[in-house]
Amino acid sequence: MAVRSAMLWMSAVGLLGACGGQPEQTPAPAGDDTVTTATQSLVPAPPTPFDSFLSIRGPLAVGSAVASNTGTSANYEGFTLTVAAHTQVALEVTHLGTGVGVDTGLFVYGPKTQYGYGFRPLYQDDDSGYGELSKIPLATFDAAGEYLVVVGWSNGLGKQYRLQAACVGGACVPNPTPAPANAPVTLAQFPLEGNLQALLNGANAYREDMYSFLDRYDFAWPYSTPASLDVAAAAVLAKSEYRGYRNDPTPDTYTYAAFQSRMYGQFQPLHQAILDTYGELGTNAQVKSYFREFSTGPNGDNWRTLNIILLPGSRHVLVYEQTAHEI
């Protein structure tokens with residue numbers, strides 16, 4: 001990664017939150033408007049600590065957009081995003097309002113504390129938008145506070161870019177309506193938080209014959225009533241990696257409190273940590289469990305349980321797979 005000067009060229013910025021109107025959909029290519037891809041290098045996350053490597057240009061409100069200019073060299077700019085707990089936002093450097101040929105990266109940090117915004121991106125994307133522009137279709141903010149949205153670019157073409165933040169679910173939805181019957185739960189997988197991964201790793205080192213997996217999925221939910229556990233479980237089982245559990249004819253359903261005793265003892269610290277990490281009430285969380293067993297030969301019996309944990313308030317599904325085998 002190239003070393004960047006700490007002295008940044010301060011580009012002019014226009015804040016469009018008040019005058020830019022509502023977020024706009026990226027239009028489909030028309031005529032000779034061709035999408036160009038895979039011609040620029042990956043835009044890396046800004047060096048940390050990044051206080052001297054980027055300028056914070058101003059606020060970005062949910063439901064609005066801001067515009068700025070890339071200047072003439074590779075660089076980064078940040079915008080503050082203040083949200084309520086359990087807000088869900090789509091962030092995008094839009095084709096409309098961004099100059100041709102601009103190649104961006106998009107990074108989200110926070111929430112802000114007395115030590116800053118942190119050094120590890122909560123969300124990031126390089127080229128999921130139009131052409132080589134960046135798009136994060138779903139960013140779920142579990143904690144209220146101020147976050148930092150950083151736009152980086154690899155090619156300083158002296159052109160404008162436009163960044164928008166659109167509400168897609170949770171606390172930012174004005175006057176939400178009840179969910180339709182059997183409203184789908186569309187899962188998007190994200191990395192597990194570091195504190196949960198550390199607890200999982202420690203428990204997995206305890207016994208050779210017991211091992212567990214924990215995966216995090218988010219789903220956009222703009223409704224006033226919670227998602228269905230059965231629908232969430234069906235979405236998980238639809239994934240090929242869990243197909244071995246589809247033949248369980250009698251899956252069990254638990255309250256979150258009752259589920260704790262179903263976890264092997266060394267993994268039980270995860271039970272409260274999951275609620276704390278995502279700001280979820282234990283009384284809201286629900287669990288559906290599927291069981292399977294098989295043998296790989298003499299003394300090769302295996303027992304596995306797939307536990308689908310729905311956190312309806314925070315719009316997460318945690319998949320906790322618990323395994324044990326003969327030794």
Side-chain angles (χ1 to χ4, degrees), residues 23 25-26 42 45 62 81 83-94 104-111 120-130 133-143 147 149-150 163-173 176 179-180 182-197 200 213-223 225-243 245 274 277-280 284-288 306-321:
Q25 283 189 308
T26 298
L42 179 75
V62 177
L81 179 72
V83 298
H86 309 314
T87 293
Q88 295 186 294
V89 176
L91 297 162
E92 181 178 6
V93 180
T94 62
T104 62
L106 192 56
F107 313 90
V108 182
Y109 298 85
R120 183 182 68 86
L122 298 176
Y123 302 96
Q124 64 184 79
D125 179 71
D126 192 60
D127 293 336
S128 295
Y130 184 94
L133 302 180
S134 307
K135 181 178 182 179
I136 299 172
L138 177 60
T140 299
F141 298 100
D142 297 305
Y147 293 79
V149 181
V150 176
L163 171 66
Q164 76 172 24
C167 176
V168 295
C172 58
V173 178
N182 295 317
V185 170
T186 303
L187 300 176
Q189 187 167 11
F190 291 93
L192 191 66
E193 280 70 16
N195 64 312
L196 297 179
Q197 189 65 58
L200 183 69
F213 304 86
L214 184 62
D215 293 305
R216 167 193 162 189
Y217 297 89
D218 297 358
F219 60 96
W221 196 255
Y223 305 112
T225 51
S228 160
L229 176 61
D230 288 340
V231 173
V236 171
L237 289 184
K239 295 183 173 296
S240 60
E241 58 264 42
Y242 304 125
R243 62 184 178 273
Y245 294 95
I274 287 171
T277 298
Y278 299 113
E280 186 75 40
N284 291 339
Q286 306 168 64
V287 184
K288 193 166 187 176
L306 187 73
N307 304 283
I308 300 167
I309 305 169
L310 173 64
L311 305 180
S314 55
R315 279 75 171 170
H316 299 292
V317 171
L318 277 294
V319 179
Y320 172 66
E321 186 177 15

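- Judged by distance alone, with hydrogens and angles left aside, the side-chain atoms of S134 form no donor-acceptor pair with the main-chain N or O of D127 at under 3.5 Å.
- Rounded to the nearest 0.5 Å, atoms CZ (F107) and CG (L122) are 13.0 Å apart.
- Rounding to the nearest 0.5 angstrom, the gap separating the OH atom in Y109 from the CD atom in Q124 is 7.0 Å.
- Put simply, CG on N284 and CG on L311 are 9.5 Å apart, with the number rounded to the nearest 0.5 Å.
- Minimum heavy-atom separation, R243 to S240: NH1-O, 2.7 Å.
- Closest approach of Y223 and P176 over heavy atoms only: C-CB, 3.9 Å.
- The main-chain N or O of F141 is never found under 3.5 Å from a side-chain atom of T87 such that the two would form a donor-acceptor pair.
- Between L192 and F213 there is no side-chain heavy-atom pair separated by less than 4.5 Å.
- The heavy-atom pair separating A171 from A85 by the smallest distance is CB-O, 3.3 Å.
- The closest side-chain heavy-atom distance from D125 to L91 is not below 4.5 Å.
- In this structure, the side chains of D142 and H86 come closer than 4.5 Å at one or more pairs of heavy atoms.
- Judged purely by atom type and a 3.5 angstrom limit, Y123 uses its side chain to pair as donor or acceptor with the backbone of T140.
- One finds the CD1 atom of I309 at 10.5 Å from the CG atom of L229 (value rounded to the nearest 0.5 Å).
- Proximity of Y245 to I308: side-chain heavy atoms (C-beta onward) are nowhere separated by under 4.5 Å.
- The one candidate from V89, V173, V83 that meets the side chain to side chain contact (heavy atoms under 4.5 Å, CB included) condition with C167 is V173.
- The shortest distance between side-chain heavy atoms of L187 and K239 falls below 4.5 Å.
- In this structure, the separation between CD on Q189 and CG on D218 is 10.0 Å, given to the nearest 0.5 Å.
- Residue L318 holds its CG atom at 10.0 Å from CD of E280, rounded to the nearest 0.5 Å.
- Checking Y278 against E193 by side-chain atom types alone, a donor-acceptor pair falls below 3.5 Å.
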